[in-house]
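Structure, as structure tokens:
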Amino acid sequence: MCGIVGFIGREEAAPILLEGLSRLEYRGYDSAGIAVYDPEEGLQVVKAKGRLQVLSDIVAGGKTIHGTVGLGHTRWATHGEPSDVNSHPHVSEDGRIAVVHNGIIENYMEIKEYLQGKGVKFVSQTDTEVVAQLLEYYYKKQPDDLLGAVVKVLHRIQGAYAFGIISADHPDQLVAARKDSPLILGYGKGFHFLASDVTAVIRYTREVSYLDDGEIAVLTADSVQVYNALLEPVEKEHHQVDWEISAAEKGGYEHFMAKEIMEQPKAFRDTVFPRIQEGQVVLDDLQLPVEYLREMDKVYIIACGSSYHVGMAAKYTLEKLLRKPVEVTLASEFRYCDPIVTDRTLALVISQSGETIDTLAAMREAKRLGARVLSIVNVVGSTIARESDDVLYTWAGPEIAVATTKAYSTQLAVVYLIGLYCAKLLGTVGEEEYRAIVDELLLIPTKIEEILANRGDIQYFASIYFNHPSIFFIGRNIDYAVGLEGSLKLKEISYIHSEAYAAGELKHGTISLIEPGTLVVALAGHGKLFEKTMSNVVEVKSRGADVLGVTTAGRTEQMGKTADHVIPVPDTHPMLLPSLEVVPMQLFAYYVALQRGCDIDKPRNLAKSVTVE
Ligand code: G6P
């Protein structure tokens, strides 16, 4: 949700900023801009509504800007519609201070009115311009103290922010500040970066540090000084990013989403295999004492979007394995529902980015109420990872497409590992069952490969159904959880209206929407519930629906007697079915969106990492 990058060094900043923005575009893409300090011309700002390409074309088309310090921004609009003037960077009235911002300044209106009362003229509708103007206001009161002015602004504003700030009066400095929005610093020889995430800097440096809430950094070409909110110097730990830049590139695929779908077997192996040794799940990175597990009153799963759908599958899995109550809640609801949490509650927080603001805020609330937090996170060093009591990383590598695929799959994988590990400690799983699940877990990547090899069939089904105005997904138990994800994937990237229903619930309302020719995707992998789901398939068939069934290889024939088409997935342990069933759902959504000519990696109105409430 908005990507920011800042550079200070000895090379031309503009191309470096544009390159950085190209890596951050998945965070927001309704407008983009850069500001560079040109020693001869002063602060130069180029910004434009539309994709980054629009901005790049303007710069390439002659609006060359020289200078070795600058800021870049790619926007997902909150305050003020996407437009040239609302794009970042925002500049103070005297044109000497430029700001990029990710987050929301909640009290911006009050400050705006205050400044307007002092005669300050505003040009945009954004909350961010208020920060640029307020900075100028404080700076003028105490000239030559940019850091002092930044601190005053931070005291005055409320909300969430990651800022990059440059000033024509201090062209040797780049200032960064954060609260509740991600910000990293990148270290090089003779240059430094600030950025929303490491993808923006990896081409230039692998050495990074993660700013914490309340911290401010002053970067020069040769130094970085970080301060806490009291302006006391802080020593930051430096980390080495260990993945290659190719991991954040398309690698010959038309879309990141296609690449990431195809990467799932590897991502699953990387996440699971090192954690299984001699048939046992080994979670060295988990510190949950068995006494805690025994006393645990419930598991509260907190997540948003697809991560929440992993939580839905996890509920079935963990309750079965641990025999403890598991509640799944949307992070945005958790905060305001007066949740029943005790010091015996385990909050299981699931997040690809580790930065989703609703999830982060819910996690903090759970902690405040006494819960112990175990998180499943993909982005190393992200805020949720750092603030959890325990974190288990999903080793999916960078995920760029807005619609998640490989992160979802690896989150599920970690859920299985947690379930098996804790069940073994608690003694709630029999030895034979444990071994059967572990053995099957090791086969999942090969089985996913099998499904991927047959993706041509799914592309064919997509070519039949891509024009349907409305598509329903039904299933029971974990099939229902997968249906939720299949439906979300489809609507996210193809803009087809879609709903997922627990198959047994269909008759309580939604069945009234089934007409001759309506497509129903019926998930019926769960062996014990197959017959039950099939009776719902018969119900929709009798009302004229087209049914695209998904079941295990062993039941394909049986399902084919009623369904119009069947997508088989390899047989596996019922608990692990979501890992296989989700793959055809992802492929179906992808091929439908492809047929419809949609912008698959950057669907309208969405952003990968949602850092506003
Ligand atoms: C956004 C993304 C979804 C993602 C959700 C939660 O809405 O578009 O794909 O599932 O955020 O993100 P998280 O990073 O917390 O898993």
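Read the numbers this way: they start at 1 and go in the same order the structure lists the ligands and their atoms.
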Task: Considering all heavy atoms, the nearest Val402-Leu606 contact - done: CG1-CB, 3.9 Å

TODO: Give the ring-plane orientation class for Tyr300 versus Phe334, where under 30° counts as parallel, over 60° as perpendicular and anything between as tilted.
DONE: perpendicular

TODO: State whether Tyr495 and Arg604 meet the cation-pi test: NZ (Lys) or CZ (Arg) under 6.0 Å from the six-membered ring centroid, and within 45° of the perpendicular axis.
DONE: yes

TODO: Anything under 30° is parallel, anything over 60° is perpendicular, the rest tilted; go ahead and classify Phe163 against Tyr161.
DONE: parallel

Considering only distance and modelled atom types, tabulate donor-acceptor pairs under 3.5 Å from the side chains of residues 572-580, sequence neighbours left out.
residue: Thr572; atom: OG1; partner: Glu440; partner atom: OE1; Å: 2.6
residue: His573; atom: ND1; partner: Met575; partner atom: N; Å: 3.0
residue: Ser579; atom: OG; partner: Tyr416; partner atom: OH; Å: 2.8

TODO: Kindly assign one of parallel, tilted or perpendicular to the pair His73 and His88, based on the angle between their ring planes and the thresholds 30° and 60°.
DONE: parallel

What short N/O contacts, under 3.5 Å, does ligand 1 make with the protein, listed by atom pair and distance?
residue: ligand 1; atom: 8 (O); partner: Ala607; partner atom: O; Å: 3.3
residue: ligand 1; atom: 9 (O); partner: Val402; partner atom: O; Å: 3.3
residue: ligand 1; atom: 10 (O); partner: Ser306; partner atom: N; Å: 2.9
residue: ligand 1; atom: 12 (O); partner: Thr356; partner atom: OG1; Å: 3.3
residue: ligand 1; atom: 14 (O); partner: Ser351; partner atom: OG; Å: 3.4
residue: ligand 1; atom: 14 (O); partner: Gln352; partner atom: N; Å: 3.4
residue: ligand 1; atom: 14 (O); partner: Ser353; partner atom: N; Å: 2.7
residue: ligand 1; atom: 14 (O); partner: Ser353; partner atom: OG; Å: 2.7
residue: ligand 1; atom: 14 (O); partner: Thr356; partner atom: OG1; Å: 3.4
residue: ligand 1; atom: 15 (O); partner: Ser351; partner atom: OG; Å: 2.6
residue: ligand 1; atom: 15 (O); partner: Thr356; partner atom: OG1; Å: 2.5
residue: ligand 1; atom: 16 (O); partner: Ser307; partner atom: OG; Å: 2.6
residue: ligand 1; atom: 16 (O); partner: Gln352; partner atom: N; Å: 2.7

